[in-house]
Every structure is written in structure tokens, then in C-alpha cells.
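Following: one structure in C-alpha cells, then a few remarks.
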Amino acid sequence: MTQPSSHAVAPPWAMLAELTHGCPLRCPYCSNPTELVARAAELDTGEWARVFEEAAALGVVHAHLSGGEPLLRRDLVEIVGAARGAGVFTQLVTSGVGLAGRRVAELVEAGLHSVQLSVQAAEPAESDRIAGRRSFMAKELAAAAVVEAGLPLGVNVVLHRHNLDRIEDLIELGIAWGAERIELANTQFYGWGLLNREALLPTREQLSRAESIVTKYREKTGVELIWVIPDYFDGVPKPCMGGWGAISITVAPDGRVLPCPAAYDLPLDLPNVREHALSWIWEHSAAFNAYRGTAWMAEPCASCPRKELDFGGCRCQTYALTGDAAKTDPACGLSPDHHLITRLSARESVKEKPFVYRELKRPPSVVDP
Amino acid sequence: MTDWRPALSRSAMLRHCPVRQAELLIVPERIVVLNDEAAEIVGLCDGKRTVAEIVAEFPVEAGEDVTEFLDRVHAEGWLQ
Ligand code: SF4
Ligand code: SF4
């Protein structure tokens, strides 16, 4: 008997639910697309509940409830309840603004499992400067409320030239706030991060110093430290999240479905949960099949022994830098376009360069790589 | 450690996945697919049984493996 074709694609494990692109903060490296989704276009409570049911039936067991700032959704408690009801483990990914005591209790009651809190710097004024708004105090209170409620707390920091040199303070802060896990992720340069590349790009010395401090702390703390290296200095591309259309689904605030949260700008016809079942989107949509597996690859990836390990690198970065998403990631030393990345990382960054803060309208000043 | 009564920590969720016909242990940044024996052990971690009582549910020769497994999962922070 032949398998029905729908079984040819292994089911997804995880979902990133971007509940809203609205956010009180304005981080210059925000991972949201530069064209933010307007609040009026957002999926409503019932639509999100249906998305979680469909996702669970498809095999999703883990969801990040993210944004923007998911706490801006007044129906967040209902959404958490719907995810929980579908049997999905939920982690709230938040800036902490608006996570006061009562809200935490309601979310726990609804079945929230875990919280990941972002912090911009260990020093309050510097954190507020990077975030583009006063918010450090709210984060501190949020951390305390989460720990008090007995939920596991993860602290997430996006690293760049303005905070890398104080990485020990950031680790100490996470420990003091009661985090079980501290994720130290170096900025990626697409979307808002690319607009601010000159202001954010660290030096190689900054990175290696920070890395050795992380290694040192690993020996003296039981807190899990996750160090996400950048891919622009060593000629080694980062694997595309376990492969395109292999592990995870991203759902945008307006119901568009993406194989990766950075894929908004790719020339793909993005399917929408308002028009299609999630199972059809995962298995049959052109967007999810575009770079699935390894058959789409050209040289040098096609005959490279590493192709099942890194999947040719990041499609989104490749498109942003070369204009062709199907090429080898320029971060790879074997790519004929590798000079694009070395040129980016070699160009002196400009310390005084002002941030282009995240805004609803795309700013006019686009950095030309 | 002898009076430890293992229970799943707040950050961990044990569930059966009907799509994959598998027992899963889900934590904030990870999903662990448990084999049958591991799932059985974790299933017994209800905060009431002691380690000795959990071990007693398995054949004598498996005893060491069970305690080792419990210690490992404890070290990961998934049991408390
Ligand atoms: S990165 Fe900053 S601006 Fe973007 S969603 Fe997160 S907190 Fe808001
Ligand atoms: S050539 Fe392609 S598959 Fe090989 S290491 Fe580079 S990006 Fe990875």
C-alpha cells in the first residue's frame, strides 16, 4: 500500500504565534518585519483559538506567544486558555511592560507554562535608551512577579556593540532576577537589524571577549546560558532552524503563515490561515515547499557534505544580501558571494551612529549593504 | 536524597502525542521524545512516591538505570 501523500511531510513541532506587532518599545534590532502589521488587521480571539486547534492536530506541541508585545492583546488570557485546551505548551515572550501581578496570576490560571523576558542592558538608563522607552523598572517588576507565581523565567538579551562589553553584568542580572535560563543572542542583520547595522555591529574583539566570559560563567553557575553566535565572522553559516518547513511554523498577526519569522520580505506568496487549513499550508503550500529538503539547492551546497546539517544557511539573509533566496548563504566561506558578508563585517561600525528606532512606518533611510 | 519524592517541575509537561504516537517531555526551549521505559518512570514521578518506590516498580536488574535516569532528569531541572 502506498502512503497517502500527506504523510510524506513530517509534522511540525513548534509554532511562533506573533499575536500582534504592536509594542510599547522600539528596539532598533527588532525581529519584526520593517512593514509592521496594523492592529486592525489582527486575527481575533476565535481565529487564534482555531489556529491552535489546527496546529495541535497537525502535531505542534510547543508555542511561543510573541509579538511585538503579546501583553497588548486584551484577550491574551483567552488565547493562552485556547492553546492550553488544545494541549500545547505555551511560553510567553515579552518585554515585561504590562506584566503586573494580577495579569501573571490570570495567565497562570489559564495554563501558561513559562515566560521569556527580554532585557536590553543591565544598567537601567542604558536599557531604556536601547529600547527607546522607559521600561527597565517594569521588567524588574515583571521578573519578580513571574518568579513569585512559580513560573520558570528565561531572560533574553539581544547582543550588539552597545551591550557586549558588559555581558557579565547581564548574566549577573539574569541570575539576580531568578532566571533559569539566560539566552544571549547576537543580533542578526536583516529587517530592523540591517537598517541599524552600522550602529550595532560589534568588533571581533568584543565578541571573543564576551564568549570567554560566557564560558567562564558556565563553570560557576547552574543557570543555563545559551550563547547564540553571529555568523558573519567565521565563514560558517548558521543552520536554518532545522530546515525550511521542517520544525516550526510562524503565524503573523494577520494570519499569514511563514516558515520563519524573518521570511516576510522573501518573494513568496504567503498563505493565510483565513483562507487555508494549516495542514494544507504546512504540506502543500508553495511557500513551505520552496526550500524544503535539499533538492532545490544549487552548487556549492548541492554536493556539499554539510547540506543536511546547515541546509545551506539562512534563506532570509541570502535574499537580503544577494537578491536570490536559493543561493548559498553568503555567510558560508564556500559561497561565491562570501565577499558580501566579509565586506559588511569589515566595514568599521560607527559608534555615534544614531539608532533608527522601530516605527510603524518604514523609515526612509535604508542602509545600503 | 533518599527521601526525595520526584515530581515534574513547573517548567515541564509530560504528554502523549497522538500524531507521532510518542510520549513527550516538553520544557521551555526543548522537546524530548521519551522511550517507553523513560515515559513510564517519569509517569511515576507524582511527588508522592520516593525513589525507592519508583525503582520497586521495575525489575531488580533495572534499578540502577532507573536511579541514574532520575538523577539525570533532575540535573536538567525537569524534575524537582
Ligand atoms: S524587539 Fe523590542 S520593539 Fe521588537 S517586539 Fe521585542 S520589545 Fe518590542
Ligand atoms: S556550501 Fe552550502 S551546505 Fe556547504 S557549508 Fe556552505 S552553506 Fe552549508
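The structure presented is a predicted model; accordingly, all values stated were derived computationally and were not measured. Chain A is the first sequence line, chain B the second, and so forth, proteins listed ahead of strands; every chain is numbered from 1.
Closest approach of A/L99 to A/L107, counting heavy atoms only: CD1-CD1, 4.0 Å. The two atoms that bring B/D46 and B/K48 nearest to each other are OD1-N, 2.9 Å, heavy atoms only. What you find for A/G111 and A/V80 is that their closest heavy atoms are C-CG1, 4.0 Å. Residue B/L25 comes nearest to B/V42 through the heavy atom pair CD1-CG1, 4.4 Å, listed as atom of the first residue, atom of the second, then distance. The minimum heavy-atom distance between B/V27 and B/A12, with the atom names listed, is CG1-CB, 3.8 Å. In terms of heavy atoms, A/V108 sits closest to A/A149 at CG2-CB, 4.0 Å.
Only the backbone of A/A57 has a heavy atom closer than 4.5 Å to any heavy atom of chain B. For chain A, the nearby part of B/L24 is the side chain; its heavy atoms alone come within less than 4.5 Å. For A/A63, no part sits under 4.5 Å from any heavy atom of chain B, backbone or side chain. At a 4.5 Å heavy-atom cutoff, A/V93 makes no contact with chain B through either its backbone or its side chain.
Residues of residues 58-65 of chain B lying under 4.5 angstrom from chain A, judged on non-hydrogen atoms, do not exist here.
Side-chain contact check for B/V19 versus A/L58: every heavy-atom pair is 4.5 Å or farther apart. In this structure, B/I54 and B/P6 have side chains that are in contact, with non-hydrogen atoms separated by less than 4.5 Å.
To the nearest 0.5 Å, atom CD1 of residue A/I175 and atom CD1 of residue A/I182 are 5.0 Å apart. Between the CG atom in A/L65 and the CD1 atom in A/I79 there is a gap of 8.0 Å [rounded to 0.5 Å]. The distance from the CZ atom of A/F89 to the CD1 atom of B/I31 is 9.5 Å, given to the nearest 0.5 Å.
Ranked by heavy-atom pairs under 4.5 Å with chain B, the first of A/P152, A/A14, A/G222 is A/P152.
Other residues, nucleotides and ligands contribute only 12 or fewer heavy atoms inside 6.0 Å of the CG atom of B/D36.
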So which N and O atoms of chain B and chain A form donor-acceptor pairs under 3.5 Å?
unit_1: B/R10; atom_1: NH2; unit_2: A/A149; atom_2: O; d: 3.4
unit_1: B/R15; atom_1: NH1; unit_2: A/G87; atom_2: O; d: 2.6
unit_1: B/R20; atom_1: NH1; unit_2: A/G59; atom_2: O; d: 2.8
unit_1: B/R20; atom_1: NH2; unit_2: A/P11; atom_2: O; d: 3.4
unit_1: B/R20; atom_1: NH2; unit_2: A/P12; atom_2: O; d: 2.8
unit_1: B/R20; atom_1: NH2; unit_2: A/G59; atom_2: O; d: 3.2
unit_1: B/V27; atom_1: O; unit_2: A/H62; atom_2: NE2; d: 3.2
unit_1: B/P28; atom_1: O; unit_2: A/H62; atom_2: NE2; d: 2.7
unit_1: B/E29; atom_1: OE2; unit_2: A/Q91; atom_2: NE2; d: 2.6
unit_1: B/E29; atom_1: OE2; unit_2: A/Q116; atom_2: NE2; d: 3.4
unit_1: B/E29; atom_1: OE2; unit_2: A/R181; atom_2: NH1; d: 3.2
unit_1: B/R30; atom_1: NH2; unit_2: A/E224; atom_2: OE2; d: 2.7

